[in-house]
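Below is one structure, written out as structure tokens; the observations come after it.
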Protein chains: 2
Amino acid sequence: MSAEKNLTGVRRSRPRGTADGKDKATARDELRTAILAGEYMPGERLVEAQLIERFGVSRFNIRLALQDLAGEGLVEIQRNRGAHVRKISLAETIEITQVRMVLEGLVAAQAADRVTEAEASELDEIGLLMRRAVEAGEFRRYSDLNQRLHGLIRKIGAHATADRLIGTLRAQLARHQFMLSLLPGRPAVSLPQHERIITAIRDRDPAAAETAMREHIASVVEVLRSLEDTPAAHG
Amino acid sequence: MSAEKNLTGVRRSRPRGTADGKDKATARDELRTAILAGEYMPGERLVEAQLIERFGVSRFNIRLALQDLAGEGLVEIQRNRGAHVRKISLAETIEITQVRMVLEGLVAAQAADRVTEAEASELDEIGLLMRRAVEAGEFRRYSDLNQRLHGLIRKIGAHATADRLIGTLRAQLARHQFMLSLLPGRPAVSLPQHERIITAIRDRDPAAAETAMREHIASVVEVLRSLEDTPAAHG
DNA sequence: GTTCGCACGATTGTCAACAATCAGTTTCCT
DNA sequence: AGGAAACTGATTGTTGACAATCGTGCGAAC
């Protein structure tokens with residue numbers, strides 16, 4: 001048998017399949033998940049040694065992961081001072097949401113151009129579930145459906161460049177995002193907006209889809225602006 | 001005398017500012033400039049050893065610089081295969097330009113909200129110079145003014161988040177950008193578009209400013225779409 | 001009691017050697 | 001000859017050690 005041809009190498013761990021680097025990528029993803037889950041609070045220091053211990057990755061890869069997350073705007077690296085979870089001000093939250101508004105508007109318009117019958121049905125179904133969730137007062141479920149709807153629209157729009165940017169922007173807002181949908185009266189306002197978006201895309205009306213999406217997110221911006229005067233809302 | 005005092009309080013050679021001390025940031029900036037200047041063609045391999053020799057920076061910093069530029073979408077790093085200048089397809093160029101369209105539209109709208117008298121005059125002046133440049137057939141000058149106009153609008157709009165994204169997107173298109181403004185008949189088409197943008201901002205009309213900016217860049221998208229059928233336009 | 005300077009510990013930045021991997025070529029067997 | 005396994009040179013990935021830097025606590029001078 002040719003068992004011996006193997007003995008020169010230590011076991012090569014076969015970088016399986018799609019193989020983006022294993023270590024750096026996993027470290028980055030796990031750290032991002034941890035930050036988004038709130039395990040590290042904004043402003044908190046990310047000490048390399050601690051991350052090494054927690055994720056079991058070499059310092060080199062931890063460093064690369066931090067570098068990547070800095071590029072995504074999730075952490076901030078100051079020379080000789082290490083990495084912190086980036087703190088995002090309310091003003092910046094508004095800016096980011098504005099950018100999301102125009103990007104998701106673009107994607108919605110393109111989705112209206114490309115939507116198939118099957119996808120239209122899926123949209124309708126989500127719309128129905130949303131209505132039921134609101135009527136039943138299931139806000140958490142509504143929030144999930146909200147994400148699913150936006151995700152489906154992004155899938156239909158198939159705009160890789162916009163998708164990537166929206167993804168990083170959403171990540172930056174992950175914490176605030178959650179807060180918003182729980183504001184009193186919010187679902188009652190946003191449900192009809194969502195339904196308008198769905199209708200426009202189903203009707204293959206790009207302009208209407210973009211307008212509806214923008215109005216929807218613009219109303220979020222308005223809520224954020226109203227918070228600018230009530231500074232207690234930060235925590 | 002007390003010579004030993006010196007060894008702790010050693011004078012830092014203050015690599016602080018823009019001294020010739022080559023670090024990661026300078027390496028990154030110089031490499032980016034080189035790529036944008038066309039010294040490395042799309043798809044060309046960026047061998048670390050060569051970059052070390054060219055920029056006189058350690059491999060470590062070269063590596064970090066490449067990593068950064070990968071984050072900006074200028075180079076692509078494949079594991080164990082090194083870094084290449086990222087090739088941007090025509091389809092992707094269209095996507096990027098679409099994103100630029102909505103982002104610069106957003107910035108233009110905000111610029112119309114915030115423009116001061118002095119800035120309005122500056123806009124008018126650029127508009128005048130543009131008209132003269134077109135009439136005189138000075139296309140290169142027109143192209144420069146074009147960039148200056150868009151830059152001024154970004155400055156007036158003061159939308160940090162959108163600005164940053166627009167910057168990286170523009171960098172990705174740097175090569176094509178240049179080509180576009182030299183297409184026959186392009187200035188004649190874009191000049192009135194620019195003038196409409198300027199007028200709308202000067203009149204403090206955000207909606208009109210956004211519309212004008214979007215129409216302007218949409219026409220660029222149309223040109224790009226028309227190229228999709230004439231594959232010879234790639235080189 | 002306060003302030004300034006200074007050494008110290010903790011943490012990050014950098015480097016050079018080592019290991020792994022890839023692309024191209026050679027060799028060997030059929 | 002033809003194709004696959006195996007070498008070779010070049011290039012990239014990773015590790016551990018070392019240097020630079022920052023924040024802090026102690027002590028001396030006033």
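Here is the naming used below: chain letters follow the sequence lines, and residue numbers restart at 1 for every chain.
Listed by chain and residue number, nothing satisfies the side chain to side chain donor-acceptor pair (under 3.5 Å) test with B/Arg164 (two or more places apart in sequence, or in another chain). Under the ring-ring contact (aromatic ring centres under 6.0 Å, His included) criterion, A/His150 pairs with A/His194, A/His216, not counting sequence neighbours. B/Glu104 pairs by the salt bridge (charged side-chain N to carboxylate O under 4.0 Å, His left out) definition with B/Arg100, not counting sequence neighbours. Judged as a side chain to side chain contact (heavy atoms under 4.5 Å, CB included), and not counting sequence neighbours, A/Thr33 has no contacts. Legend: residues meeting side chain to side chain contact (heavy atoms under 4.5 Å, CB included) with B/Ala25, ordered by chain and number and at least two apart, are B/Asp23, B/Arg28. Listed by chain and number, the residues in a salt bridge (charged side-chain N to carboxylate O under 4.0 Å, His left out) with A/Arg175 amount to none (sequence neighbours excluded). Residues satisfying the salt bridge (charged side-chain N to carboxylate O under 4.0 Å, His left out) test with B/Glu117, not counting sequence neighbours, are B/Arg204. For the salt bridge (charged side-chain N to carboxylate O under 4.0 Å, His left out) test, residues two or more places apart in sequence or in another chain that qualify with A/Arg54 are A/Glu39.
Heavy-atom distances under 4.0 Å link DNA chain C to no residue of residues 63-74 of chain B. Using a 4.0 Å cutoff on non-hydrogen atoms, the parts of residues 50-60 of chain A near DNA chain D are A/Ser58, A/Arg59, A/Phe60, ordered by number.
We find that CZ of A/Arg79 is positioned 17 Å from P of D/dA19, with the value rounded to whole Å. Rounded to whole Å, the distance from CD1 on A/Ile77 to P on C/dT12 is 10 Å. Spacing between atom CG of B/Asn61 and atom P of D/dT12 amounts to 16 Å, rounded to whole angstrom units. Atom P of nucleotide C/dT11 and atom CD of A/Gln78 are separated by 16 Å, given to the nearest angstrom. For B/Glu48 and C/dT14, the CD to C1' distance is 15 Å, given to the nearest whole Å.
If you check every strand for non-hydrogen atoms under 4.0 Å, B/Leu46 touches sugar and phosphate atoms only.
Listed pair A/Asn80 / D/dG23 fails the phosphate criterion, with no side-chain N or O lying under 4.0 Å from OP1 or OP2. The phosphate of D/dT11 (OP1 or OP2) has no side-chain N or O of B/Arg81 nearer than 4.0 angstrom. Side-chain nitrogen and oxygen atoms of B/Arg45 include none within less than 4.0 Å of the OP1 or OP2 phosphate oxygen of C/dA23.
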Hey, what are the protein-to-nucleotides 7-10 of chain D N/O distances that come in under 3.5 Å?
none

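Counting heavy atoms of neighbouring residues, nucleotides and ligands inside a 6.0 Å radius, atom CD of A/Gln78 exceeds 12 of them.
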Output side-chain donor-acceptor pairs under 3.5 Å for residues 106-115 of chain B, partner residues at least two apart or in another chain, one line each.
from	atom 1	to	atom 2	distance (Å)
B/Gln110	NE2	B/Gly157	O	3.2

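A salt bridge is absent between A/Arg141 and A/Asp144: the closest approach of a Lys/Arg side-chain nitrogen to an acidic carboxylate oxygen does not fall below 4.0 angstrom.
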